[in-house]
**Student:** 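Got a structure here, written out as structure tokens. Questions coming.
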Amino acid sequence: MFRMLHVGLDDTDSERGMCTTYLGAVLMQRLGGVAEVAEARLVRLNPNIKYKTRGNAAVALRLITSRPEVVKSITLRTVEELADMRSPSTAPGVVFWQGEVPESFREFYRRCLHGVVGIGEAEEVLHRHGGEYVKFKLGRGIVGALAAIGAELRERTYEYIAYRSPERWGTPRRVCTESVRRMNRLTYPLTFNNLDEEGRVLITPHTPCPVLFGIRGVSEQVVREAAGMVVALEPVVLHAVYVSNQATDAHLREVGRIAEVEPLSSVVLLGRVASEPRVIEGGHVFFRLRDEHGDEITCAAFEPTKGFRRVVRALLPGDLVRVYGGVNERMQVNLEKIEVIELITRREVNPRCGRCGRRMKSAGRGQGYRCRRCGTRAERRVSEPVERTIEERVYQVPPGAMRHLARPLVLGEPAIPESFL
Ligand code: ATP
């Protein structure tokens with residue numbers, strides 16, 4: 001009898017190499033004749049956790065098979081063979097589940113997107129439902145493996161991934177840049193994040209992993225066609241198309257007030273700019289955001305966000321904004337997007353000297369203002385129009401600095417925002 005079997009995999013890679021999506025692709029190849037792949041899922045989880053190697057990805061396969069025991073043994077053998085077991089931080093986990101996905105798996109996925117979850121919590125959910133799992137070493141991978149099975153993917157994108165032959169892993173990737181630019185011209189925005197703002201290729205990673213290139217887009221057909229336009233200058237030995245929660249903003253959660261923000265979550269917050277943006281060494285920009293309850297939090301735009309920092313630097317105290325970003329341990333919001341809702345148009349400044357035109361300085365507390373040069377005096381500050389260099393709209397970090405889960409603005413808003421579902 002044919003049954004639906006879910007196989008979740010995670011934590012098979014290390015900084016030195018491997019990639020869970022590659023392991024998934026090899027597994028799909030090896031399962032030919034034993035199972036039909038109904039869906040291959042690439043699920044990104046909380047981007048702020050410390051355990052991740054790179055992009056906190058997990059993989060789950062939805063299989064239709066009459067031989068679940070054979071599938072399980074092929075899966076475990078493949079993990080044993082390919083996972084980078086020698087790396088101390090690699091702790092693979094595999095989860096098997098037959099039948100309908102229970103609501104508590106879905107809830108577990110949501111917790112893995114927004115918070116930090118323990119291995120014991122995954123085991124508790126699996127024991128409660130009689131789910132099967134195998135831990136290698138510490139087995140932290142069962143967290144991502146279970147979450148990938150539980151992922152809702154109501155909103156979804158696709159990624160076509162081409163893999164290199166093993167003897168080339170760790171060497172420079174060889175893909176024709178002009179073919180990538182052409183592919184982008186013909187398919188953007190149905191495919192996205194192919195190039196950065198300067199036209200540099202983003203589809204090839206810079207890690208020693210097996211991926212040659214990955215193309216992200218809105219449908220399976222689009223990413224397949226786009227991949228066909230890319231000229232690889234080295235052999236592609238394997239490929240896979242994954243359905244994914246990438247580019248859906250699934251990690252972001254609207255938080256009513258700053259006092260409720262939790263470290264290592266990803267939030268959407270409404271407030272007014274409460275301090276002049278400050279640029280520190282290295283080019284990072286910071287400002288304070290204050291909500292209607294008077295609580296404040298620091299927001300940051302780091303150097304890799306490049307031109308986005310110009311927008312942040314141009315903010316002024318009093319501007320009404322909605323910020324989107326990941327919260328670090330020090331409770332700082334690392335900005336992914338900012339919606340400028342209302343720009344102030346006037347502000348209080350020290351008056352100018354009627355004689356020389358220079359700005360007066362404070363003459364001391366309660367003493368009004370005084371021109372240092374001419375000695376002219378004035379009692380109070382004056383309201384002046386300010387020229388603004390930014391507009392009331394949403395700004396986002398450039399593709400090269402974008403989180404995997406961040407929805408590029410070019411995709412527009414979903415018909416029904418995920419947070420309402
Ligand atoms: P790559 O992107 O190259 O696949 P990675 O960044 O996905 O690498 P992993 O090696 O998969 O990194 O490590 C992430 C680990 O963190 C996994 O063991 C996963 O189970 C676990 N994990 C994922 N999400 C959470 C979470 N929210 N809380 C706790 N652990 C998590």
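Reckoned from all heavy atoms, side chains included, excluding hydrogens, waters and symmetry mates. For ligands, and for the atoms within them, numbers begin at 1 and follow the listed sequence.
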**Student:** Which of the atoms in ligand 1, numbered in the order shown and given with their element, are less than 4.0 Å from a heavy-atom of Leu45?
**Tutor:** 23 (C), 24 (N)

**Student:** Any atom of ligand 1 sitting under 4.0 Å from a heavy atom of Ala91?
**Tutor:** no

**Student:** Would Gly115 count as a polar contact of ligand 1, with the cut-off being nitrogen or oxygen pairs under 3.5 Å?
**Tutor:** yes

**Student:** So which bit of Asp11 gets within less than 4.0 Å of ligand 1, heavy atoms only: side chain, backbone, both or neither?
**Tutor:** both

**Student:** Considering non-hydrogen atoms of the protein only, which is the closest contact for atom 28 (N) of ligand 1, and what is the distance?
**Tutor:** Val117 N, 2.8 Å

**Student:** What residues form a side-chain contact (heavy atoms from CB on, under 4.5 Å) with Phe286, not counting sequence neighbours?
**Tutor:** Arg278, Ile280, His284, Thr298, Ala300, Phe302, Gln332

**Student:** Side chains of residues 262-269: which donor-acceptor partners sit under 3.5 Å, not counting sequence neighbours?
**Tutor:**
residue : atom : partner : partner atom : Å
Ser265  : OG   : Glu262  : O            : 2.6
Ser266  : OG   : Asn48   : ND2          : 3.1

**Student:** Under 3.5 Å, is there a donor on one side chain and an acceptor on the other for Thr157 and Arg216?
**Tutor:** no

**Student:** Please determine, by modelled atom types, if Glu336 and Gln396 share a side-chain donor-acceptor pair under 3.5 angstrom.
**Tutor:** no

**Student:** Which protein heavy atom lies closest to atom 2 (O) of ligand 1, and at what distance to 0.1 Å?
**Tutor:** Gly55 N, 3.1 Å

**Student:** Side chains of Tyr160 and Thr191: do they bring a donor and an acceptor to under 3.5 Å?
**Tutor:** no

**Student:** Can you name the atoms of ligand 1, numbered from 1 with element, that are less than 4.0 Å from a heavy atom of Cys112?
**Tutor:** 27 (N)

**Student:** Is there a donor-acceptor contact under 3.5 Å linking the side chains of Asn245 and Arg44?
**Tutor:** no

**Student:** Looking only at side chains, do Thr90 and Ser14 share a donor and an acceptor under 3.5 Å apart?
**Tutor:** no

**Student:** Looking only at distances, can you tell me whether any N or O atom of Lys52, backbone or side chain, sits closer than 3.5 Å to an N or O atom of ligand 1?
**Tutor:** no

**Student:** For Leu113, is at least one N or O under 3.5 Å away from an N or O on ligand 1?
**Tutor:** no

**Student:** Report yes or no: do Tyr133 and His127 form a side-chain donor-acceptor pair below 3.5 Å?
**Tutor:** yes

**Student:** Pick one of side chain, backbone, both or neither for how Ile49 approaches ligand 1, counting any non-hydrogen atom pair under 4.0 Å.
**Tutor:** side chain

**Student:** So for Cys19, does at least one of its heavy atoms come nearer than 4.0 angstrom to any atom of ligand 1?
**Tutor:** no

**Student:** Just to be sure I'm reading this right: ignoring hydrogens, which of Leu9, Val211, Asn46, Thr53 gets closest to atom 12 (O) of ligand 1? Compare them by their nearest heavy atoms.
**Tutor:** Thr53

**Student:** List ligand 1 atoms under 4.0 Å from Gly144, heavy atoms only on the residue side.
**Tutor:** 19 (C), 20 (O)

**Student:** Closest non-hydrogen protein atom to atom 3 (O) of ligand 1, residue and atom name please, with distance?
**Tutor:** Asp13 OD2, 2.5 Å

**Student:** Cation-pi between Arg140 and Tyr51: NZ/CZ under 6.0 Å from ring centre and within 45° of the ring axis?
**Tutor:** yes

**Student:** Should Val116 be counted as touching ligand 1, given the test is an N or O pair under 3.5 Å?
**Tutor:** no

**Student:** For the residue pair Trp169 and Tyr22, does the interplanar ring angle fall in the parallel (under 30°), tilted (30 to 60°) or perpendicular (over 60°) class?
**Tutor:** perpendicular

**Student:** Which residue from Asn56, Asp10, Ile142 reaches closest to atom 24 (N) of ligand 1 through any of its heavy atoms?
**Tutor:** Asn56

**Student:** Heavy-atom contacts with Gly141 under 4.0 Å: which atoms of ligand 1 show up? List them by number with element.
**Tutor:** 18 (O), 20 (O)

**Student:** Among all protein heavy atoms, pick the one closest to atom 13 (O) of ligand 1 and tell me residue, atom and distance.
**Tutor:** Tyr51 O, 3.5 Å

**Student:** Does the distance from a Lys or Arg side-chain N to an Asp or Glu carboxylate O, for Glu81 and Arg30, drop under 4.0 Å?
**Tutor:** yes

**Student:** Identify the closest protein heavy atom to atom 7 (O) of ligand 1: which residue and atom is it, and at what distance?
**Tutor:** Ala57 N, 2.6 Å

**Student:** Is the closest side-chain donor-acceptor distance between Tyr188 and Asn193 under 3.5 Å?
**Tutor:** no

